[in-house]
A.B. asks: 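Below is one structure. I have some questions about it.
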Amino acid sequence: MKTHKRGVLLSFKVPRDQRELAVLFNEHLDFLRSSAAAYDAGKFHESKRIAASIRLLVHDTSQSKSLLLQLGRKSEKFLNTSVPINENELTSQSGLTVTMIGAGEASMHYHPMLDDSYGSTKLVDFNEWWEGIVFVDQLKNKFSRQDLILKMANEDGGSHVDPGLTEKYHKLTRENSMGGLITDQDGQWKAIEGPERAAIRQIGHEFLKTFDASYAPPVTPKEGVTLGNVSISFSGPKAVEKHSTKVGRNDKCPCGSGKKYKKCCLLRSS
């Protein structure tokens with residue numbers, strides 16, 4: 001409906017009924033199932049679609065209401081599979097992912113835990129689920145589900161490509177601030193890739209398990225699985241900021257081993 005008031009053309013939106021909102025909700029559950037299956041088949045970029053749907057489903061702003069809020073379902077309990085984060089730990093921690101040791105190409109990537117969660121799986125209120133810390137990197141940057149979903153959706157190609165990335169998200173996704181390293185077949189140290197992608201796949205898993213009784217994910221292989229918040233303490237050189245001071249041969253190694261640099265990471269890299 002449109003009307004004129006003092007020469008200004010006003011437009012009024014026709015409200016949706018609950019049945020139409022329910023159809024939209026089921027569509028996004030279907031999007032999540034499809035993207036989850038594609039991710040599990042190796043298309044890790046599907047994490048961007050997962051982030052976009054999760055944002056639409058749960059994130060409220062001053063100008064928009066989430067689909068769950070419009071449906072009156074945001075007060076329901078959400079499945080939390082995260083390993084508890086100890087913010088006093090010296091190493092980085094990931095509460096939603098695992099790594100694969102000795103699993104070939106798979107060992108070069110972080111993996112979602114899916115149903116094989118090593119955390120205290122429980123149902124929690126939305127705010128605890130959305131704002132609880134699930135990553136702490138080596139620079140002591142903290143990340144919640146909200147941080148990961150909104151950064152990927154709003155900045156990193158989920159729904160929008162921002163000209164720049166938030167610094168801590170850039171360090172997590174482009175500079176290996178989690179510090180996970182593994183040697184390839186040539187003995188060269190390589191960063192373990194995709195902590196944010198695997199975590200977002202796990203967030204999608206949590207949402208589907210919360211709201212879709214028919215959802216059945218694949219089983220995570222148990223061979224070679226290492227806990228996310230333990231696996232980062234690899235024996236490789238520790239991630240340091242690009243502008244850190246030069247490490248001398250007789251200085252303590254930056255990986256935190258307590259050994260001299262020449263007898264630790266310098267020896268490995270030589």
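Keep in mind that what you see is a predicted model, and the values were worked out from it rather than measured. Sequence positions, counted from 1, serve as the residue numbers for this chain.
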A.B. asks: Output yes when a side-chain donor or acceptor of Asp125 lies under 3.5 Å from a complementary backbone atom of Asn127, and no otherwise.
C.D. replies: no
A.B. asks: Taking atom CZ as the centre, does Arg174 end up with more than 12 heavy-atom neighbours from other residues, nucleotides or ligands that are less than 6.0 angstrom away?
C.D. replies: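 For Arg174, atom CZ is crowded (more than 12 foreign heavy atoms under 6.0 Å).
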A.B. asks: Determine whether Phe126 and Leu208 fall in the same hydrophobic cluster, where Ile, Leu, Val, Met, Phe, Trp and Tyr are linked whenever their side-chain heavy atoms lie under 4.5 Å apart.
C.D. replies: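 In one cluster with Phe126: Leu208, yes.
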A.B. asks: Relative to each other, are the rings of His59 and Trp130 parallel, tilted or perpendicular (30° and 60° limits)?
C.D. replies: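 Judged by the thresholds at 30° and 60°, the geometry between His59 and Trp130 is tilted.
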A.B. asks: Would a distance-only check, ignoring hydrogens and angles, find a side-chain to backbone donor-acceptor pair under 3.5 Å from Gln93 to Asn86?
C.D. replies: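 Yes; judged by distance alone, with no hydrogens or angles, the pair exists.
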A.B. asks: Can you tell me if Glu155 uses its side chain to pair, donor with acceptor, with the backbone of Thr166 under 3.5 Å?
C.D. replies: yes
A.B. asks: If you compare all heavy atoms of Ile85 against all heavy atoms of Val136, which two are closest, and at what distance to 0.1 Å?
C.D. replies: CG2-CG2, 3.6 Å
A.B. asks: Kindly compute the distance separating OG (Ser177) from CD (Glu167), expressed to the nearest 0.5 Å.
C.D. replies: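 One gets 10.5 Å once the value is rounded to the nearest 0.5 Å.
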A.B. asks: Given salt bridge (Lys or Arg N to Asp or Glu O under 4.0 Å), test Lys171 with Asp137 step by step and report yes or no.
C.D. replies: CA-CA 9 Å; Lys171 288 183 181 297; Asp137 69 12; over 6 Å; no
A.B. asks: Any side-chain heavy atom of Leu24 within less than 4.5 Å of one from Leu67?
C.D. replies: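 SC-SC contact between Leu24 and Leu67 confirmed.
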A.B. asks: Kindly determine whether Leu96 and Tyr110 satisfy side chain to side chain contact (heavy atoms under 4.5 Å, CB included), including the steps that lead there.
C.D. replies: CA-CA 10 Å; Leu96 295 175; Tyr110 286 86; over 6 Å; no
A.B. asks: In sequence, state the C-alpha distance, the side-chain angles, and the governing distance for Phe207 and Leu32, and then conclude on side chain to side chain contact (heavy atoms under 4.5 Å, CB included).
C.D. replies: CA-CA 9 Å; Phe207 191 93; Leu32 288 175; 3.7 Å; yes
A.B. asks: Do Asp115 and Lys209 touch side chain to side chain, with heavy atoms closer than 4.5 Å?
C.D. replies: yes
A.B. asks: Atom NE2 in His109, atom OG1 in Thr97: separation rounded to 0.5 Å?
C.D. replies: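 Reported to 0.5 Å precision, the distance equals 13.5 Å.
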A.B. asks: For Glu206, run the salt bridge (Lys or Arg N to Asp or Glu O under 4.0 Å) check against Arg201, Lys77, Arg145 and tell me which one passes.
C.D. replies: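 Of the listed options, the one satisfying the test is Arg145.
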A.B. asks: Side-chain donor-acceptor pair under 3.5 Å between Ser82 and Asn80, yes or no?
C.D. replies: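 Not at all, the side chains of Ser82 and Asn80 share no donor-acceptor pair under 3.5 Å.
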A.B. asks: Do side-chain atoms of Lys74 reach the backbone of Val58 as a donor and acceptor pair under 3.5 angstrom?
C.D. replies: yes
A.B. asks: Thinking salt bridges, do Glu46 and Lys43 make one under a 4.0 Å N-O criterion?
C.D. replies: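 Looking at Lys43 together with Glu46, the answer is no, because their closest N to O distance does not fall below 4.0 Å.
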A.B. asks: If I compare all heavy atoms of Pro112 with all of Ala198, which pair ends up nearest, and what's the gap?
C.D. replies: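 Where Pro112 meets Ala198 most closely, the heavy atoms are CB-O, 3.5 Å.
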A.B. asks: Does the separation of the ring centres of His45 and Tyr39 fall below 6.0 angstrom?
C.D. replies: no
A.B. asks: Spell out, as yes or no, whether a donor-acceptor pair under 3.5 Å connects the side chain of Asp30 to the backbone of Glu27.
C.D. replies: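 Pair absent, no side-chain N/O of Asp30 close to backbone of Glu27.
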A.B. asks: Is a donor on one side and an acceptor on the other found under 3.5 Å between the side chain of Lys168 and the backbone of Lys142?
C.D. replies: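 Yes; at least one donor-acceptor contact below 3.5 Å.
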A.B. asks: Can you find a side-chain donor-acceptor pair between Glu76 and Thr210 that sits under 3.5 Å?
C.D. replies: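 The answer is no; no qualifying pair exists.
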A.B. asks: Taking Ser92 for its side chain and Met178 for its backbone only, find out whether a donor-acceptor pair lies under 3.5 Å.
C.D. replies: yes
A.B. asks: Is there a path of hydrophobic side-chain contacts, each under 4.5 Å between heavy atoms of I/L/V/M/F/W/Y residues, joining Leu57 to Tyr215?
C.D. replies: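 Yes, because Tyr215 and Leu57 connect within a single hydrophobic cluster, where side-chain heavy atoms sit under 4.5 Å apart.
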A.B. asks: Report yes if the side chains of Val23 and Asn26 come closer than 4.5 Å at any heavy-atom pair, otherwise no.
C.D. replies: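 Sidechains of Asn26 and Val23: no contact.
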A.B. asks: Please check if any side-chain donor atom of Tyr169 sits under 3.5 Å from a side-chain acceptor atom of Asp156, or the reverse.
C.D. replies: yes
A.B. asks: Report yes if some heavy atom in the side chain of Asp147 is under 4.5 Å from a heavy atom in the side chain of Val134; otherwise report no.
C.D. replies: no
A.B. asks: Just do the side chain to side chain contact (heavy atoms under 4.5 Å, CB included) check on Asn154 and Asp162 with the steps written out, would you?
C.D. replies: CA-CA 7 Å; Asn154 296 342; Asp162 200 87; over 6 Å; no
A.B. asks: Using only atom types and a distance under 3.5 Å, with no angle test, would you say the side chain of Ser47 pairs donor to acceptor with the backbone of Phe44?
C.D. replies: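 Yes, Ser47 side chain to Phe44 backbone: donor-acceptor pair under 3.5 Å.
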A.B. asks: Can we call the ring centroids of Phe78 and Phe211 under 6.0 Å apart?
C.D. replies: yes
A.B. asks: Looking only at atom types and distance, does a side-chain atom of Gln202 sit under 3.5 Å from a main-chain N or O of Met113, one as donor and one as acceptor?
C.D. replies: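 Side chain of Gln202 to backbone of Met113: a pair is present.
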A.B. asks: Considering all heavy atoms of both residues, which atom of Ala199 and which atom of Phe135 are nearest to each other, and what is their separation?
C.D. replies: CB-CZ, 3.8 Å
A.B. asks: Starting from the C-alpha separation in whole Å, work towards a yes-or-no answer on side chain to side chain contact (heavy atoms under 4.5 Å, CB included) for Asn141 and Leu172.
C.D. replies: CA-CA 9 Å; Asn141 292 317; Leu172 175 74; over 6 Å; no
A.B. asks: May I ask you to check whether Gln138 and Thr91 show a side-chain donor-acceptor distance below 3.5 Å?
C.D. replies: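 No donor-acceptor contact under 3.5 Å links the two side chains.
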A.B. asks: Counting neighbours of CZ on Arg49 that are heavy atoms of other residues, nucleotides or ligands and sit closer than 6.0 Å, is the number greater than 12?
C.D. replies: no
A.B. asks: Do Ile50 and Ile54 have side chains that get closer than 4.5 Å, going by heavy atoms?
C.D. replies: yes
A.B. asks: Mind checking whether Leu56 and Ser66 have side chains closer than 4.5 Å, heavy atoms only?
C.D. replies: no
